[in-house]
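Here's the structure, in structure tokens; my notes come after.
Just so we're on the same page: letters track the sequence lines, and every chain starts at 1.
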Amino acid sequence: MKIATFNINGIKARAEALPNWLDSAQPDVVLLQEIKSVDEAFPRDLFEERGYNVETHGQKGFNGVAILSKLPLEDVSRGLPGDESDEQARWIEATVVGKQALRVCGLYLPNGNPVELAEDGSPVPGGKYDYKLRWMERLRTRAAELLAAEEPALMAGDYNIIPQAEDAKRPEAWREDALFRPESRAAFRRILNLGFTEAFRARVQGPGHYSFWDYQAGAWNRNDGIRIDHFLLTPQAADLMRDCGIDKEVRGRHKPSDHVPVWVELDI
DNA sequence: ATGACCTGGCGTCCAGGA
């Protein structure tokens, strides 16, 4: 089973590029981020006519996540638990029903910029960086529950986290950025250290592997990228992993998103 | 050498992104 994550930066703007990629890559399951659409406006037909079941968790203008699956989806849940007042659409999960069940969670982790810190170095409450770190605390809680179930499960999406210096072409440029600051990376490691496998780094070592290139300043042409889209696998899912990769060439196609798809192949 | 983008929205500029 091939499962992909893809931050599409607006479903309307990707109404051609996304189906084209689906037709060439043939993923069984796709976790989408930044659909930037309400549920009613999501063009389900584009995907249903290709044999996908569609589940969305949309929001007007910003954010928004969705799941496409050629296999049936059950027990769909929308919104990251832990804060009833959080109205941002950044989390959706469902069980993919095949020979063996697979729980998939799609996430769009807050960017966190601008970083606002108090004099003691703590994030200013109510600020965007504070929201990011608090969201990651809630993510850790949900992650621990997934591990406790001891079943094949994964959390994939746009984490807005550059895990290590080798995951950026110019790490020094990101030193003070919410994507690379020590608190952000530590929060990511705390989740990993619960017992997840970061799929890409289990397969590929070394620098030069990115999943995002800014539209500005010719970042793509200079390969000035960062790796911020990740797959975290429970041990039961990691044991099933056959391969993992990044569809880099998608960034060079017509009217691309600024992110490219990342995928895993599971023996399930 | 320098500068440089894209998306959605009660829109023709703004907010948000990374």
Side-chain angles (χ1 to χ4, degrees), chain A residues 5-21 32-43 46 56-66 86-91 106-117 123-124 126-133 135-136 156-185 187-188 209-230 246 248 250-262:
Chain A
T5 176
F6 192 1
N7 180 324
I8 56 174
N9 189 20
I11 186 62
K12 287 176 201 161
R14 231 55 64 202
E16 287 184 35
L18 176 56
N20 286 344
W21 169 74
L32 297 175
Q33 302 89 41
E34 282 207 90
I35 63 173
K36 295 187 176 180
S37 163
V38 292
D39 296 334
E40 307 78 60
F42 192 82
L46 279 178
T56 60
H57 180 38
Q59 178 181 346
K60 193 163 82 172
F62 310 104
N63 305 326
V65 289
D86 184 1
E87 305 204 333
Q88 299 196 32
R90 297 178 174 276
W91 178 269
L107 66 98
Y108 175 44
L109 207 148
N111 172 301
N113 285 306
V115 173
E116 296 176 280
L117 300 176
V124 174
K128 293 194 171 182
Y129 196 47
D130 181 60
Y131 176 64
K132 176 178 195 153
L133 296 175
W135 202 93
M136 294 185 80
D158 178 357
Y159 278 76
N160 271 316
I161 294 285
I162 303 167
Q164 304 210 75
E166 65 181 0
D167 298 309
K169 174 73 171 290
R170 298 181 300 121
E172 73 285 354
W174 298 93
R175 203 165 53 89
E176 299 295 331
D177 194 281
L179 277 62
F180 191 59
R181 283 188 59 88
E183 307 87 37
S184 302
R185 294 160 57 199
F188 183 69
H209 302 283
Y210 312 126
S211 65
F212 169 91
W213 295 260
D214 202 299
Y215 289 121
Q216 299 186 66
W220 167 246
N221 290 327
R222 298 184 303 166
N223 195 27
D224 182 5
I226 51 178
R227 196 175 68 88
I228 56 176
D229 299 88
H230 311 299
I246 301 176
K248 178 179 181 177
V250 170
R251 186 63 176 79
R253 292 186 188 176
H254 177 63
K255 214 168 182 298
S257 170
D258 40 9
H259 296 249
V260 296
V262 180

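Taking atom C1' on both nucleotides, B/dG8 is separated from B/dT12 by 14 Å, rounded to a whole Å. Of the P atoms belonging to B/dG3 and B/dA15, the separation is 25 Å, rounded to the nearest Å. Comparing B/dA1 with B/dG11, their P atoms sit 46 Å apart, to the nearest whole Å. The C1' atoms of B/dC14 and B/dC10 are separated by 14 Å, rounded to the nearest whole Å. B/dC5 and B/dA18 have their C1' atoms separated by 11 Å, given to the nearest Å.
Under the rule for a side-chain hydrogen bond (donor to acceptor under 3.5 Å, both in side chains), A/Ser37 has no partner lying at least two apart in sequence or in another chain. For the side-chain hydrogen bond (donor to acceptor under 3.5 Å, both in side chains) test, no residue two or more places apart in sequence or in another chain qualifies with A/Lys132. Looking at residues two or more places apart in sequence or on another chain, you find a ring pair (Phe, Tyr, Trp, His ring centres under 6.0 Å) between A/Phe42 and A/Phe47. Every residue two or more places apart in sequence or in another chain that forms a side chain to side chain contact (heavy atoms under 4.5 Å, CB included) with A/Tyr108 is listed here: A/Asn7, A/Gln33, A/Glu34, A/Asn63, A/Val65, A/Arg90, A/Asp158, A/Asn160. Evaluation of the side-chain hydrogen bond (donor to acceptor under 3.5 Å, both in side chains) rule for A/Asp177 yields A/Asn113 as partners, not counting sequence neighbours.
Per the geometry, CZ belonging to A/Arg222 stands 13 Å off C1' belonging to B/dC5, to the nearest Å.
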| remark: B/S/- along nucleotides 8-18 of chain B (protein heavy atoms under 4.0 Å) is SSS-----SSB
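Donor-acceptor pairing under 3.5 Å is recorded for the side chains of A/Ser211 and A/Asp229.
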